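A quick write-up on the structure given underneath.
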Amino acid sequence: MHVGVLIGRVRVEEKLLFKALEERGVNYEPIYDDELQFGSANIDEWSRFDVILERSISHSRALTSLGFFNKLGIPTVNEYEVARICGDKIETSVLLEEADIPQPEFMVAYTPDSALEAIETMGYPVVLKPAIGSWGRLQAKITSRNMAESILEHKKTLGGVQHAIFYIQEYIEKPGRDLRTFVIDGEPICAIRRESDHWITNTSRGGHADNHPMSDELIELSRNTSDAIGGGVIAVDVFESDRGLLVNEVNYTMEFRNSIEPTGVDIPARIIDYVIAVGEGATAAEQEEAELEAVC
């Protein structure tokens with residue numbers, strides 16, 4: 001088996017994934033997205049890969065690459081559709097709504113005036129997020145009309161893709177933490193709670209990770225979310241609220257370095273086991289198709 005690993009840069013997570021591949025004796029090849037070139041001139045070159053694991057930190061590069069690989073019939077972890085859905089908070093929220101998965105209320109608007117009206121309809125406080133983004137960047141907790149008008153004016157002036165669409169989410173009073181479950185092929189493997197004095201609890205922003213017991217409710221919510229998104233390797237961010245557990249966001253290229261020790265789960269090993277299974281499944285299908293063609 002030959003595995004490609006699409007990366008932007010080698011972080012701790014990628015080093016751990018490489019180690020897991022080496023421990024299993026799997027031949028792998030890093031594919032650096034800043035050097036990547038693909039098109040009609042080199043289509044045949046990509047057939048050397050049985051499966052490609054996507055670990056790019058750039059959503060646009062990841063999405064474009066996955067689309068190309070999947071069109072060529074190369075299996076990827078994750079698939080293009082999963083990345084597209086998870087990378088867009090609006091599409092994620094719409095799919096969760098369709099699947100009756102509990103989440104904070106949300107509204108989408110295109111102009112500062114319509115966004116202000118939506119915010120006032122929802123009631124303060126609310127959270128204003130970029131539709132596409134990660135690590136808790138460019139999020140704003142809005143507590144008053146004056147603050148809303150100021151932030152919306154700034155976003156309109158700044159322009160650009162990160163500020164063109166207003167994704168507004170109900171603010172949930174958290175008990176100083178939120179939860180994250182790691183789900184592989186529809187099966188939750190572990191969960192952490194991320195604690196912080198700040199309302200943004202991402203570990204990349206200073207949140208502290210501890211193991212969190214997997215309750216039946218959390219397991220079911222994680223499985224249902226994975227089914228709605230399309231499976232693969234995902235992390236589900238969950239709020240505890242007076243309405244029960246609510247899905248905040250779903251991530252498709254998650255970081256996990258701070259979650260291995262507290263949970264005691266070898267997350268990179270579990271990811272690589274799934275990648276190998278996907279690659280083996282594709283190889284077996286190709287072999288079966290070749291045998292059928294030979295018989296015919």
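Worth knowing before you read on, the calculation uses all heavy atoms, side chains too, and leaves out hydrogens, waters and symmetry mates. Since this is a predicted model, take the numbers as computed values, not measurements.
Contact detail for Asn258 and Ala209: the closest heavy-atom pair is O-CB, 3.5 Å. For the residue pair Ser241 and Ile172, the shortest heavy atom distance occurs at CB-CG2, 3.9 Å. For the pair Asn211 and Ala191, the tightest heavy-atom approach, listed with the atom from each and the gap, is OD1-O, 3.4 Å. Closest approach of Pro104 to Leu246, counting heavy atoms only: CD-CB, 4.0 Å. The minimum heavy-atom distance linking Thr143 with Pro125 is given by the pair CG2-CB, 4.1 Å. Shortest non-hydrogen contact noted between Ile229 and Cys86 is CG2-SG, 3.4 Å.
The 12-atom threshold is not exceeded at CZ of Arg270, counting heavy atoms of other residues, nucleotides or ligands nearer than 6.0 Å. Surrounding NE2 of His154 are at most 12 heavy atoms belonging to other residues, nucleotides or ligands under 6.0 Å away. Residue-environment remark: CD (Glu149) exceeds the threshold of 12 foreign heavy atoms within 6.0 Å. More than 12 non-hydrogen atoms from other residues, nucleotides or ligands lie less than 6.0 angstrom from CD of Glu29. Crowding of Asp44 atom CG: a count of heavy atoms from other residues, nucleotides or ligands under 6.0 Å not exceeding 12. Residue-environment remark: CG (Asp34) exceeds the threshold of 12 foreign heavy atoms within 6.0 Å.
Between the side chain of Thr92 and the backbone N or O of Ile85 there is at least one donor-acceptor pair closer than 3.5 Å. With hydrogens and angles ignored, the 3.5 Å screen pairs a side-chain donor or acceptor of Glu13 with a backbone N or O of Arg257. With hydrogens and angles disregarded, a donor-acceptor distance shorter than 3.5 Å links the side chain of Asn78 to the backbone of Val233. Of the possible polar contacts, none joining the Asp227 side chain to the Gly231 backbone as a donor-acceptor pair under 3.5 Å is found. In this structure, the side chain of Glu14 engages the main chain of Arg11 through a donor-acceptor pair within 3.5 Å. In terms of modelled atom types and a separation under 3.5 Å, the side chain of Ser150 and the main chain of Met147 share no donor-acceptor contact. At distances below 3.5 Å, at least one donor-acceptor pair connects side-chain atoms of Asp88 with backbone N or O atoms of Glu91. Put simply, the side chain of Asp237 never gets that close to the backbone of Arg180: no donor and acceptor are under 3.5 Å apart. Without hydrogens or angle criteria, Arg9 side chain to Ser56 main chain gives no donor-acceptor distance under 3.5 Å. Proximity of a side-chain donor or acceptor of Gln169 to a complementary backbone N or O of Val127 within less than 3.5 Å is not detected.
Residues Phe18 and Ile7 have side chains in contact (heavy-atom distance under 4.5 Å, counting atoms from C-beta outward). For the pair Glu173/Tyr171, a side-chain contact is recorded, criterion being any heavy-atom separation below 4.5 Å from C-beta on. Contact annotation: the side chain of Thr121 never approaches that of Met107 to less than 4.5 Å [non-hydrogen atoms, C-beta and beyond]. Contact of the Leu245 side chain with the Glu240 side chain is registered, since non-hydrogen atoms from C-beta on lie closer than 4.5 Å. For the pair Glu187 and Arg223, the minimum side-chain heavy-atom distance is below 4.5 Å. Side-chain contact check for Leu116 versus Glu120: some heavy-atom pair is nearer than 4.5 Å. In this structure, the side chains of Ile57 and Thr253 stay at 4.5 Å or more apart for every pair of heavy atoms. You'll find the side chain of Leu17 reaches within 4.5 Å of the side chain of Leu53, heavy atoms only.
Connection of Val77 to Leu21 is established within a shared hydrophobic cluster, with ILVMFWY side chains joined at heavy-atom distances below 4.5 Å, either directly or through further cluster members. In this structure, Leu72 is not a member of the same hydrophobic cluster as Met1, with clusters built from ILVMFWY side-chain heavy atoms closer than 4.5 Å. Note on Tyr28: it clusters hydrophobically with Ile272, by side-chain heavy-atom contacts below 4.5 Å among ILVMFWY residues. When hydrophobic clusters are built by joining Ile, Leu, Val, Met, Phe, Trp and Tyr residues whose side-chain heavy atoms come closer than 4.5 Å, directly or via intermediates, Phe49 is not grouped with Val275. Phe182 and Val82 fall into different hydrophobic clusters, where Ile, Leu, Val, Met, Phe, Trp and Tyr residues are linked whenever their side-chain heavy atoms come under 4.5 Å apart, directly or through other members.
Here Glu170 pairs with Arg243 in a salt bridge; the nearest charged N to carboxylate O distance falls below 4.0 Å. Between Arg84 and Glu81 there is a salt bridge, since a side-chain N of the basic residue sits under 4.0 Å from a carboxylate O of the acidic one.
Atoms CD and OG1, on Glu117 and Thr111 in that order, are 9.0 Å from each other to the nearest 0.5 Å. For the atom pair CD1 of Ile151 and NZ of Lys141, the computed distance is 12.0 Å after rounding to the nearest 0.5 Å. The CG atom of Leu152 sits 6.0 Å away from the CG atom of Leu128 when rounded to the nearest 0.5 Å. Of the inter-residue distances, the one linking Met214 atom CE with Ser222 atom OG reads 5.0 Å to the nearest 0.5 angstrom. Rounded to the nearest 0.5 Å, atoms CZ (Arg193) and CZ (Arg177) are 5.5 Å apart. Here His212 contributes atom NE2 and Glu195 contributes atom CD; the two are 10.0 Å apart, rounded to the nearest 0.5 Å.
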### Query
Given the rule in the side-chain contact (heavy atoms from CB on, under 4.5 Å) test, do Ile260 and Leu16 qualify, once you have shown the distances and angles that lead to the verdict?
CA-CA 11 Å; Ile260 299 171; Leu16 292 170; 3.6 Å; yes
### Task
Would you check, one step at a time, whether the test side-chain contact (heavy atoms from CB on, under 4.5 Å) holds for Tyr32 with Val10?
CA-CA 9 Å; Tyr32 293 91; Val10 180; 3.9 Å; yes
### Task
Decide side-chain contact (heavy atoms from CB on, under 4.5 Å) for Glu45 and Phe38; before the verdict, give the C-alpha distance in whole Å, the side-chain angles of both, and the deciding distance to 0.1 Å.
CA-CA 9 Å; Glu45 294 180 14; Phe38 58 77; over 6 Å; no
### Task
Determine, stepwise, if the pair Phe256 / Ile192 fulfils side-chain contact (heavy atoms from CB on, under 4.5 Å).
CA-CA 10 Å; Phe256 50 78; Ile192 59 170; over 6 Å; no
### Chi angles and distances behind the salt bridge (charged side-chain N to carboxylate O under 4.0 Å, His left out) call for Lys19, Glu22
CA-CA 5 Å; Lys19 180 182 177 182; Glu22 291 163 3; over 6 Å; no
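In this model, no donor atom of one side chain and acceptor atom of the other lie less than 3.5 Å apart for Glu54 and Ser65.
Under the rule for a side-chain contact (heavy atoms from CB on, under 4.5 Å), the partners of Ser226 that lie at least two apart in sequence or sit in another chain are Val183, Ile234.
Note on ring orientation: taking the six-membered ring where Trp is involved, the planes of Tyr252 and His59 are perpendicular (angle over 60°, cut-offs 30° and 60°).
Hydrophobic cluster membership for Leu63: Leu66, Tyr80 (Ile, Leu, Val, Met, Phe, Trp, Tyr linked by side-chain heavy atoms under 4.5 Å, directly or transitively).
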